[in-house]
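First the proteins, then the strands, lettered A, B, ... as listed; each starts at 1.
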2 protein chains.
Amino acid sequence: MMATPASSEPGTRGRILDAAERLVQSRGFNGFSYADVASELGVTKASLHYHFPSKAELGEALIARYSARFVAALGQIDADGLAPAAKLAAYAALYAQVLREERMCLCGMLAAEYETLPAPMRHAILSFFDHNQGWLRTVMEDGRADRSMSFDGTAEDGAQTILGGLEGALLVARPYHDVGRFETAATRLIAGVTGAR
Amino acid sequence: MMATPASSEPGTRGRILDAAERLVQSRGFNGFSYADVASELGVTKASLHYHFPSKAELGEALIARYSARFVAALGQIDADGLAPAAKLAAYAALYAQVLREERMCLCGMLAAEYETLPAPMRHAILSFFDHNQGWLRTVMEDGRADRSMSFDGTAEDGAQTILGGLEGALLVARPYHDVGRFETAATRLIAGVTGAR
DNA sequence: GTCTATAGGCAGATAGAC
DNA sequence: GTCTATCTGCCTATAGAC
């Protein structure tokens with residue numbers, strides 16, 4: 001049901017992305033350095049620059065891989081043939097898994113640092129949110145169509161509320177090291193927005 | 001209805017806090033430097049160190065002032081004698097005002113960078129969330145008591161969902177420069193969690 | 001209180017040997 | 001591809017004059 005959480009690619013390039021991804025998700029893009037990645041991998045900083053000439057390019061590669069993994073996970077949820085409400089629960093479970101690794105969503109973290117990031121990274125972050133919101137909107141439209149969901153306003157607005165709500169639940173729950181805190185909020189959030197009683 | 005948004009204290013110390021606060025809320029604690037504050041104020045870095053010997057102490061002072069301002073704003077909302085639902089709307093309006101200045105909530109921003117911060121700042125961030133959640137819980141309990149609100153589960157869980165939801169709505173809406181995006185989510189969030197139809 | 005000057009360290013990045 | 005060595009610049013922080 002879930003895309004491979006990490007350690008997906010083989011080779012040095014993949015190991016760099018794995019280490020950098022974990023560092024960004026826990027410390028932020030401005031909170032880690034090439035030296036951090038190098039020491040974790042047992043290589044030199046110069047070696048990293050061979051694979052990713054600049055930190056900005058490393059950042060772009062991180063978002064691209066993370067987004068692709070998320071797209072795959074959403075495709076898998078669709079392929080599982082779940083009911084709309086179950087799809088939303090599966091979606092929230094993706095976030096819960098991130099929190100279990102004591103991480104923030106990569107793009108949620110980068111959204112906080114948005115003002116400091118180069119344009120290509122900014123665009124990729126918005127694309128991530130757009131894609132997620134589009135998927136959520138479709139699920140909510142399906143739920144309304146089959147009468148399993150009932151809600152005011154547009155599915156787009158509902159999708160936006162869920163996306164932001166889950167990102168914020170992650171943001172606040174992580175410092176407390178409390179996954180239950182996230183899950184409670186996620187359940188109420190989905191129920192509240194979709195009209196479940 | 002709203003506490004003074006900024007520029008509250010006079011004197012150099014207050015001007016330093018004002019500039020640093022804006023920088024942290026837009027760029028993050030790891031995304032600004034003493035040089036940024038100094039150039040904005042037209043003083044030297046050394047002068048800043050006279051008022052705040054270390055960046056960590058500046059960070060603690062920022063959270064303390066921000067929290068005090070928020071406590072005052074919540075007290076004002078209580079003093080206005082609003083109905084519980086109106087109190088929640090007023091609470092959300094505090095966040096909307098932050099977004100209008102193209103900022104993130106100070107403590108929401110710092111929550112993202114939590115892993116990189118010194119212990120005193122961490123504790124102050126959690127205290128901010130605890131206080132806000134406690135206030136929201138009381139409002140929801142009042143709403144349930146006077147039957148103006150109806151919701152499943154505990155008021156504590158509902159308060160937590162609103163707090164995280166609003167933080168996340170800010171986080172995601174800010175890169176889009178879209179206050180309407182926040183307000184739509186905030187309205188649905190409050191309605192969904194409190195049982196409004 | 002604010003300044004000049006500077007220390008000491010770490011950041012991202014490059015050149016060139018192997 | 002990975003290394004050693006190095007560059008340049010910025011970072012936080014301090015000393016001491018005014």
Rounded to whole Å, how long is the line connecting atom CG of B/Leu41 with atom P of C/dC3?
10 Å

In the single-linkage hydrophobic clustering (I, L, V, M, F, W, Y; side-chain heavy atoms under 4.5 Å), do B/Tyr34 and B/Leu41 co-cluster?
yes

So, does B/His51 get its side chain near the phosphate of C/dT2, meaning an N or O under 4.0 Å from OP1 or OP2?
yes

In whole angstrom, give the distance that lies between atom CD1 of A/Ile16 and atom P of D/dT2.
7 Å

Compare side-chain N and O positions of B/Ser47 against OP1 and OP2 of C/dG1 and report whether any pair is under 4.0 Å apart.
no

For C/dT2 and B/Thr12 - does any side-chain N or O of the residue sit under 4.0 Å from the phosphate oxygens OP1/OP2?
yes

With sugar-phosphate meaning primed atoms plus P, OP1 and OP2, does A/Ser33 contact a base, only sugar-phosphate, or nothing at under 4.0 Å between heavy atoms?
sugar-phosphate

Quickly work out the A/Asn30 CG to D/dT12 P distance and round it to whole Å.
12 Å

Please answer whether the main-chain N or O of A/Leu82 pairs with a side-chain N or O of A/Asp80 as donor and acceptor at a distance below 3.5 Å.
no

Can we say A/Arg27 and B/Glu115 salt-bridge, meaning some charged N sits less than 4.0 Å from an Asp/Glu carboxylate O?
no

Counting heavy atoms from C-beta on, name the nucleotide in D/dA5, C/dC3, D/dT2 closest to the side chain of B/Thr44.
C/dC3

Take atom CZ of A/Arg13 and atom C1' of D/dG1, then tell me their distance rounded to the nearest Å.
14 Å

For atom NE2 of B/His49 and atom C1' of C/dA7, their distance in whole Å:
13 Å

Distance in angstrom units between B/Phe29 CZ and D/dT12 C1', rounded:
11 Å

Within the 4.0 Å heavy-atom criterion, would you say B/Phe32 contacts the bases, only the backbone, or no part of the nucleic acid?
sugar-phosphate

Send over the distance from A/Leu48 CG to C/dA13 P, rounded to a whole Å.
11 Å

Taking D/dA13, D/dT14, C/dT14 as options, the one with an atom nearest any side-chain atom of A/Ala46 is C/dT14

Can you figure out which of C/dA13, D/dT12, D/dC3 approaches the side chain of A/Val43 most closely?
D/dC3

Which part of the nucleic acid, if any, lies within contact of A/Tyr34, taking any heavy atom under 4.0 Å across all strands shown: a base, the sugar-phosphate backbone alone, or nothing?
sugar-phosphate

Between A/Tyr50 (OH) and C/dG12 (C1'), how many Å, whole number?
20 Å

hydrophobic_cluster_shared for B/Leu94 and B/Val179, side chain cutoff 4.5 Å
yes

Any salt bridge linking A/Arg65 with A/Asp18? Criterion: basic side-chain nitrogen under 4.0 Å from a carboxylate oxygen.
yes

